Chemist: 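One structure follows; several queries about it will come next.
We count residues from 1, following the sequence as given. It should be emphasised that the depicted structure is a prediction, and the values quoted were computed from it without experimental measurement. Atoms within each ligand, like the ligands themselves, are counted from 1 in listed order.
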Amino acid sequence: MPKRREDCLFCQIAREGAYVHKGKGFVAINDINPKAPVHVLVIPEDHVDTFRDVGEFDAKESKRMLEFIAETAEKVGLTDYRVLVNVGPTAGQTVFHLHWHILGGTGSAEVPSIVATAEAEA
Ligand code: 5GP
Ligand code: ZN
């Protein structure tokens, strides 16, 4: 079972952030630098570095995580949206605590990709 870390930004935000949604073991926050009209991050309270380590969550938690993502999208008023995880720096991951991007609110299929974030910030 993954544990929280003192030196991790998203561990800290999961403890004391301004949530748009909170459930057992998971929080959702607005992205500080939104790439779509609605851009929410779903963050597990327990720390794993990347999606590669998702197996550290047990089956129940993994199911809850997926359900929480869907619940969060509904809660922020989205029916159509994109769910995205950047895995590793060359794929755009900049924060090394697993998080799921929910992007939507454009009213069209043109929800922007954020895969290029790491390059843009390099
Ligand atoms: P990644 O690039 O790792 O897939 O996503 C990290 C996301 O976290 C980025 O979209 C970035 O804008 C967001 N972010 C980074 N620092 C903060 C912060 O302090 N607060 C919030 N709300 N979002 C952050
Ligand atoms: Zn963390």
Chemist: For Asp49, is there an ion pair with Arg5 - N to carboxylate O distance below 4.0 angstrom?
Modeler: yes
Chemist: To the nearest 0.5 Å, how far apart are CG in Asp31 and CG in Asn33?
Modeler: 6.0 Å
Chemist: Going by the atom numbers of ligand 1, which of them fall below 4.0 Å from some non-hydrogen atom of Phe10?
Modeler: 8 (O)
Chemist: When you measure from the Zn ion (ligand 2) to each N, O or S atom of His97, which atom gives the shortest distance?
Modeler: ND1
Chemist: Backbone or side chain, does any N or O of His101 fall under 3.5 Å from an N or O of ligand 1?
Modeler: yes
Chemist: Could you tell me, atom by atom, which parts of ligand 1 come under 4.0 Å of a heavy atom of Ile13?
Modeler: 18 (C), 19 (O), 20 (N)
Chemist: Could you check which of Leu9, Leu84, Asp31, Val40 puts a non-hydrogen atom nearest to atom 10 (O) of ligand 1?
Modeler: Asp31
Chemist: In ligand 1, which numbered atoms sit nearer than 4.0 Å to a non-hydrogen atom of Asn33?
Modeler: 12 (O)
Chemist: Between Thr94 and ligand 1, which residue portion shows a heavy-atom distance shorter than 4.0 Å: side chain, backbone, both, or neither?
Modeler: both
Chemist: Pick whichever of Thr50, Asn86, Ile32, Ile43 has a heavy atom sitting closest to atom 23 (N) of ligand 1.
Modeler: Ile32
Chemist: Can you measure from CG (Leu84) to CG (Leu103) and round to the nearest 0.5 angstrom?
Modeler: 6.5 Å
Chemist: Take His99 and His101 through the test ring-ring contact (aromatic ring centres under 6.0 Å, His included) and record every step on the way to the result.
Modeler: CA-CA 7 Å; His99 53 281; His101 297 260; 5.2 Å; yes
Chemist: Does Glu67, at its CD atom, have more than 12 non-hydrogen atoms belonging to other residues, nucleotides or ligands within less than 6.0 Å?
Modeler: yes
Chemist: With the Zn ion (ligand 2) as the point of reference, which N/O/S atom of His47 is the closest?
Modeler: ND1
Chemist: Should the ring pair Phe68 and His21 be called parallel, tilted or perpendicular, given that the plane angle runs from 0 to 90° and is split at 30 and 60?
Modeler: parallel
Chemist: Taking 4.0 Å as the limit for heavy-atom contacts, which would you say applies to Asn30 with ligand 1: side chain only, backbone only, both, or neither?
Modeler: backbone
Chemist: Looking at Phe51, I'd like to know if its CZ atom is crowded, meaning that more than 12 non-hydrogen atoms belonging to other residues, nucleotides or ligands lie closer than 6.0 Å.
Modeler: no
Chemist: Out of curiosity, Lys75 NZ to Lys22 NZ, how far, rounded to the nearest 0.5 Å?
Modeler: 11.5 Å
Chemist: Relative to the heavy atoms of Ile29, which atoms of ligand 1 are at a distance of less than 4.0 Å?
Modeler: 21 (C), 22 (N)
Chemist: Please report, to 10°, the angle around the Zn ion (ligand 2) from atom SG (Cys11) across to atom SG (Cys8).
Modeler: 120°
